[in-house]
Engineer: 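One structure, as structure tokens, below. Some questions next.
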Protein chains: 2
Amino acid sequence: MMKQTTKEKIVTEAARLFAQKGYGAVSVDEIAKAVGIKAPSLYKHYKNKQEIFDAVLTEMNTRYEKNMAAVQMDGRNSRADAALFDGLSEEQLVSLGKKLFDFFLHDDYAVNFRKLLTIEQFQDNELAAMYTKQYADDPLTYQGMLFALLIQAGVIRDGDPQIMALQFYAPIYLLLSICDRHPEREMEVVKMLEQHTRQFHALYQIGAEKND
Amino acid sequence: MMKQTTKEKIVTEAARLFAQKGYGAVSVDEIAKAVGIKAPSLYKHYKNKQEIFDAVLTEMNTRYEKNMAAVQMDGRNSRADAALFDGLSEEQLVSLGKKLFDFFLHDDYAVNFRKLLTIEQFQDNELAAMYTKQYADDPLTYQGMLFALLIQAGVIRDGDPQIMALQFYAPIYLLLSICDRHPEREMEVVKMLEQHTRQFHALYQIGAEKND
DNA sequence: GTCTATAAGAAGATAGAC
DNA sequence: GTCTATCTTCTTATAGAC
């Protein structure tokens with residue numbers, strides 16, 4: 001970890017505070033105190049409070065995009081693909097679900113970003129778009145591609161891969177939202193997550209007859 | 001519609017404003033303007049701003065509880081039960097999903113309450129508990145009971161009814177959150193909802209072999 | 001119950017010394 | 001780049017006339 005400049009520290013602390021209480025409820029004085037300077041000094045680094053918020057958003061978005069790029073590479077590299085086309089075992093699917101869940105629930109930046117977007121999503125179109133991209137469209141698109149590959153390879157039953165992605169991902173999303181509000185329920189929720197994943201696997205694996 | 005007293009109108013307008021912008025971002029002056037009086041007059045009806053917020057919450061919660069009581073009665077009355085045990089047709093399930101979705105998306109009070117709780121859910125434990133009860137625990141419990149009945153009656157395949165409820169409801173919840181931010185996507189989203197419901201029905205109806 | 005006037009304080013932001 | 005001092009505006013809330 002490099003030592004942060006004051007400008008970077010402002011973004012770090014502001015991100016934490018905005019995620020906890022929302023933009024309007026955080027004063028510039030609070031941010032300054034968290035950084036360890038006086039409020040007027042903030043204005044040497046950023047023009048105003050809004051510009052601090054924009055910097056937080058930009059930083060978080062950059063991290064998200066980098067992360068997604070890394071995940072997509074994982075999903076496409078030869079070793080991972082090989083494992084997928086070997087057949088999708090129940091344990092692999094359980095592990096995939098738990099990993100996804102664990103990252104979103106415990107990565108500090110991911111948590112702060114999610115809380116911030118949750119609180120501020122109705123403030124303007126840009127924030128609404130970011131929320132939907134990150135927590136709906138991107139996961140559904142990405143996982144839809146995975147399921148499409150698995151169908152093509154004959155590993156899982158035929159069906160609409162987009163809908164499969166919805167049915168696989170939406171429970172993860174709902175359970176995540178529970179844990180964001182009630183961290184003490186994590187164990188119970190992770191148990192449900194695992195049951196969901198196993199049941200999902202049983203429903204969609206080849207050999208489970210479809211009759212419609 | 002009865003004509004509202006000033007005290008009632010304050011709650012109505014405050015509910016709308018708090019849901020749009022959150023508690024902190026709404027000034028008592030705005031509430032007063034929406035009601036058509038001056039700010040100081042508000043204090044003849046409520047002790048302070050927080051008390052207005054509490055009144056909004058109480059009113060919304062009362063409406064929710066009444067609504068749920070009504071729905072549960074529906075789910076338990078003899079005609080509805082008879083229809084369920086006759087067998088759960090694909091069209092019935094599609095209709096159930098769409099009705100649930102439509103109510104949550106277009107009922108003014110339901111929308112305002114959901115937005116309010118979404119924005120303020122991290123402010124205190126009471127709000128977090130209300131959110132989780134309404135949008136996670138209550139739907140999962142209620143639908144879990146329905147699926148348990150359907151399994152008992154041999155209408156659908158054996159399995160954990162709680163997990164079935166999660167897999168049926170979570171996609172509805174996710175799609176709803178998309179429409180809250182992007183009303184213009186309603187058509188596309190309702191289409192996905194219908195596809196989800198049909199695929200869910202196909203997966204769980206009797207005759208779809210389970211092999212695990 | 002509604003108004004005008006106003007108090008009391010918090011918040012964002014600037015000026016200018018160091 | 002950081003500070004102290006200060007300005008200005010907004011916000012909650014009260015006092016008191018009608």
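Note that the structure is predicted; figures quoted are calculated from it, not measured. Any value given below was found using the heavy atoms of this structure, including those in side chains, with hydrogens, waters and symmetry copies removed.
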Engineer: Could you check D54(A) against Y46(A) for side-chain hydrogen bond (donor to acceptor under 3.5 Å, both in side chains), going step by step and ending with a plain yes or no?
Structural biologist: CA-CA 10 Å; D54(A) 291 344; Y46(A) 296 96; over 6 Å; no

Engineer: Which of these nucleotides, dG1(D), dA13(D), dA13(C), is closest to any side-chain atom of H45(A)?
Structural biologist: dG1(D)

Engineer: Find the distance N48(A):CG to dT8(D):C1' and express it as a whole number of Å.
Structural biologist: 16 Å

Engineer: Just compare dT12(D), dT4(C), dT4(D) and give me whichever is closest to any side-chain atom of K38(A).
Structural biologist: dT4(D)

Engineer: Charged N to carboxylate O below 4.0 Å: is that the case for E13(B) and K9(B)?
Structural biologist: no

Engineer: When you check the side-chain N and O atoms of H182(B) and T132(A), is any donor under 3.5 Å from an acceptor?
Structural biologist: yes

Engineer: Closest approach to the side chain of I37(A), judged atom by atom: which nucleotide of dA5(C), dC3(D), dT12(D) is it?
Structural biologist: dC3(D)

Engineer: Whole Å only: how far is the CG atom of L17(A) from the P atom of dA11(C)?
Structural biologist: 13 Å

Engineer: Could you tell me how far apart D29(B) (CG) and dT4(C) (P) are, to the nearest whole angstrom?
Structural biologist: 12 Å

Engineer: Output all residues satisfying side chain to side chain donor-acceptor pair (under 3.5 Å) with N61(A), sequence neighbours left out; order by chain, then residue number.
Structural biologist: none

Engineer: Figure out the NZ/P separation between K7(A) and dT2(D), and round it to whole Å.
Structural biologist: 12 Å

Engineer: Which sits closer to the 5' end of DNA chain D, T6(A) or K44(B), going by the nucleotide each is nearest to?
Structural biologist: T6(A)

Engineer: Nearest whole Å is fine: how far is dA10(C) C1' from K33(A) NZ?
Structural biologist: 12 Å

Engineer: For dG1(D) and S41(A) - does any side-chain N or O of the residue sit under 4.0 Å from the phosphate oxygens OP1/OP2?
Structural biologist: no

Engineer: Is the shortest side-chain N to carboxylate O distance from E8(A) to K3(A) below 4.0 Å?
Structural biologist: no

Engineer: Report the distance from atom OH of Y43(A) to atom P of dG16(C), rounded to the nearest whole Å.
Structural biologist: 18 Å

Engineer: To the nearest Å, how far apart are K47(A) NZ and dA13(C) P?
Structural biologist: 9 Å

Engineer: Base, sugar-phosphate alone, or nothing: which one does V35(A) contact when heavy atoms must sit under 4.0 Å apart?
Structural biologist: nothing

Engineer: Identify which nucleotide among dT14(C), dT2(D), dC3(C) has an atom closest to any side-chain atom of P40(B), counting heavy atoms from C-beta outward.
Structural biologist: dC3(C)

Engineer: Rounded off to whole Å, could you give me the NZ-to-C1' distance for the K49(B) and dG9(C) pair?
Structural biologist: 15 Å

Engineer: Which nucleotide sits closest to the side chain of V28(B): dT12(D), dT2(D), dA15(D)?
Structural biologist: dT12(D)

